[in-house]
Amino acid sequence: MKPRQKKDFVGQKVRNLRKERGMTQSELASRIGIIQSDLCRMEKGEYKVSLEVLFRILQVFGMNIGEFFNESTTAAEPIAGESELLESYRRLSPDARSEVLDYVRFKAQQLPKTVDVEDDSRVSGA
């Protein structure tokens, strides 16, 4: 396997994430406020991504920068139902995904700041 060059890592990662989510270049470009040809060049490694644009991309994908660069912030075991939720989420349309993310963010804001991630009793309704 050919080692990945530094210059195209971000672009390739953006392309992979976009395709995993079933988005076209035009859809993503529109959501992050750039033109489709710039996104195309960025995915090919011909155009450097500014931090501002990268953070808008991460927002669309519902990720933080650590997740984007495959840096895990915790070594927590998956919570029951997490895999099913992720698989179902990936099958949704971009509009439906956006609605789901909005709902999850709303619910997360209602939780006390000290919720233990390992205690999923609030999530499962137990």
Is there a side-chain contact between [X] and [Y], using heavy atoms and a 4.5 Å cut-off?
| X | Y | value |
| --- | --- | --- |
| L54 | Q59 | no |
| K19 | N16 | no |
| Y47 | L39 | no |
| R31 | S98 | yes |
| L92 | V100 | yes |

Is there a chain of hydrophobic side chains (I, L, V, M, F, W, Y, each step under 4.5 Å between heavy atoms) that links [X] to [Y]?
| X | Y | value |
| --- | --- | --- |
| L51 | V14 | yes |
| L85 | L101 | no |
| F61 | Y89 | no |
| I32 | I35 | no |

Quick one: which of M63, R18, M42 gives a side-chain contact (heavy atoms from CB on, under 4.5 Å) with I57?
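The residue from M63, R18, M42 that satisfies side-chain contact (heavy atoms from CB on, under 4.5 Å) with I57 turns out to be M42.
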Look up atom [atom1] in [X] and atom [atom2] in [Y], then write down how far apart they are to the nearest 0.5 Å.
| X | Y | atom1 | atom2 | value |
| --- | --- | --- | --- | --- |
| N64 | E67 | CG | CD | 4.0 Å |
| Q25 | S30 | CD | OG | 13.0 Å |
| E46 | C40 | CD | SG | 7.0 Å |

Note: E52-R56 ion pair, threshold 4.0 Å (strictly below)
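Salt bridge present between E52 and R56.
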Smallest separation among heavy atoms of G22 and P94, with atom names:
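In terms of heavy atoms, the two residues are closest at O-CG, 4.4 Å.
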List the atom of F68, the atom of V10, and the distance in Å for their closest heavy-atom pair.
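Scanning both residues, the minimum pair turns out to be CZ-O, 3.9 Å.
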How would you list, by chain and number, every residue that makes a salt bridge (Lys or Arg N to Asp or Glu O under 4.0 Å) with R97, sequence neighbours excluded?
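Expected list: none.
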What residues, two or more places apart in sequence or in another chain, satisfy salt bridge (Lys or Arg N to Asp or Glu O under 4.0 Å) together with R15?
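Listed in chain order: E43.
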Evaluate ring-ring contact (aromatic ring centres under 6.0 Å, His included) for F9 paired with F69, printing each intermediate quantity in order.
CA-CA 9 Å; F9 173 80; F69 288 105; 5.6 Å; yes
More than 12 heavy atoms of other residues, nucleotides or ligands under 6.0 Å from CD of E20: is that the case?
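Yes, CD of E20 has more than 12 neighbouring heavy atoms, counting only those of other groups under 6.0 Å.
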Start with the C-alpha distance between S50 and V53, add both sets of side-chain angles, then the distance that settles side-chain contact (heavy atoms from CB on, under 4.5 Å), and finish with yes or no.
CA-CA 5 Å; S50 71; V53 170; 3.3 Å; yes
